[in-house]
Amino acid sequence: MDKDSLNNKKVIQLTQTVKGAGWASKLGPGDLYCALSDLPLIKDPNILVGMEKPDDAGVYKLTNDLAIIQTVDFFTPIVDDPFTFGQIAAANALSDVYAMGGTPITAMNLVCFPIGTMDIEILRTILKGGLKKLHEAGVALVGGHSVEDSELKYGLSVTGIINPEKIITNNGAITKDLLILTKPLGTGIINTAIKGEIASADSITKVINYMVSLNKTASDAMQEVGVNACTDITGFGLLGHAIKMVQDSNIGILFDTSLIPFFPEAQEYAKMGMVPAGTYRNREFGKEFIETISDISPYILDILFDPQTSGGLLISVSKDKADKLLYKLRAEGIEDAVIIGEVVDEPKGKIILR
Ligand code: CO
Ligand code: CO
Ligand code: CO
């Protein structure tokens, strides 16, 4: 059965499999961190990036010029088409390796599947979508693990490699750096509108194109130019991830909200209340770090805190290299790449929204 016949037969709407389950979850930013906080972590000098300074992925040094990068990501369906869902989940799982400036090498499938109520062909189609992205990334699938679950979930664990000298962390930004964002915001809100069955076909197609696109090209460009810090925008939203760049540091970030790209539909749907629960959790978590110095509409704030699926990279690059990087990104087809703010001395550890 191919994906068209799956669609035509309306076998199942993946995003409606367990009504509301995806947005009812109460687990929020920092919960895993909290749960681990008093437990004795293993100390090892070869852990270059680990639980003590959480980043996009963990990095472990093997030799002086070789380290492995490890990351894992999986979630419930955000679109109804299984092949598309597979592609999005894989692009999203690979993204953390790209955000560190690494090269993904191998991956393993993670599957939770309601085998009693869902056709195995759906799983096969999801895995086929994932595999398509692994091929594009040049990553070998080397295994996986599956469990029966009432709610479908899919994702991958990904292992990459990097030279330990070349790790791009989320906390290397320097005063006067410029901040470049490579994909528009608003996928969380639009995905919520998809679940609520009000998203237009056009906006669905548009966000899917962004969610399936790998951050590989952007990562290659930033490695070539040389940058100070990077993170990918996912569950914590732009502001949540930006907070991680300045938390416990000597710097702050100033965003010019008029420059931040987002899908216009996201604002429309936010006005209709189609805001994922994660946005509120992100906003609650982030409020003590955010200062606004001009009037910013609550819908724009929803978008700035909107949890992204397979979002873009937020790159901190020195002023003299910013134009070169921007030119390179656009020449490589990342036309949405744009400067959205700068790194400032004061106030330290805060994000200012202008
Ligand atoms: Co990340
Ligand atoms: Co991740
Ligand atoms: Co196993």
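Indexing begins at 1, ligand by ligand and atom by atom, following the structure's order.
- The Co ion (ligand 1) does not have D55 among its coordinating residues (no N/O/S atom, backbone or side chain, under 2.8 Å).
- Side-chain atoms of L134 and L156, non-hydrogen and from C-beta on, do get closer than 4.5 Å to each other.
- Open room surrounds CZ on R124; 12 or fewer heavy atoms of other groups in view lie less than 6.0 Å from it.
- Residues F285 and F305 place their aromatic rings such that the two centres sit no closer than 6.0 Å.
- Of all N, O or S atoms in D56, the one lying closest to the Co ion (ligand 1) is OD1.
- Contact check on E342 versus K176 returns no salt bridge, with no Lys/Arg side-chain nitrogen under 4.0 Å from an Asp/Glu carboxylate oxygen.
- Of the angles at the Co ion (ligand 1), the one spanning OD1 of D96 and OD1 of D232 is 100° when given to 10°.
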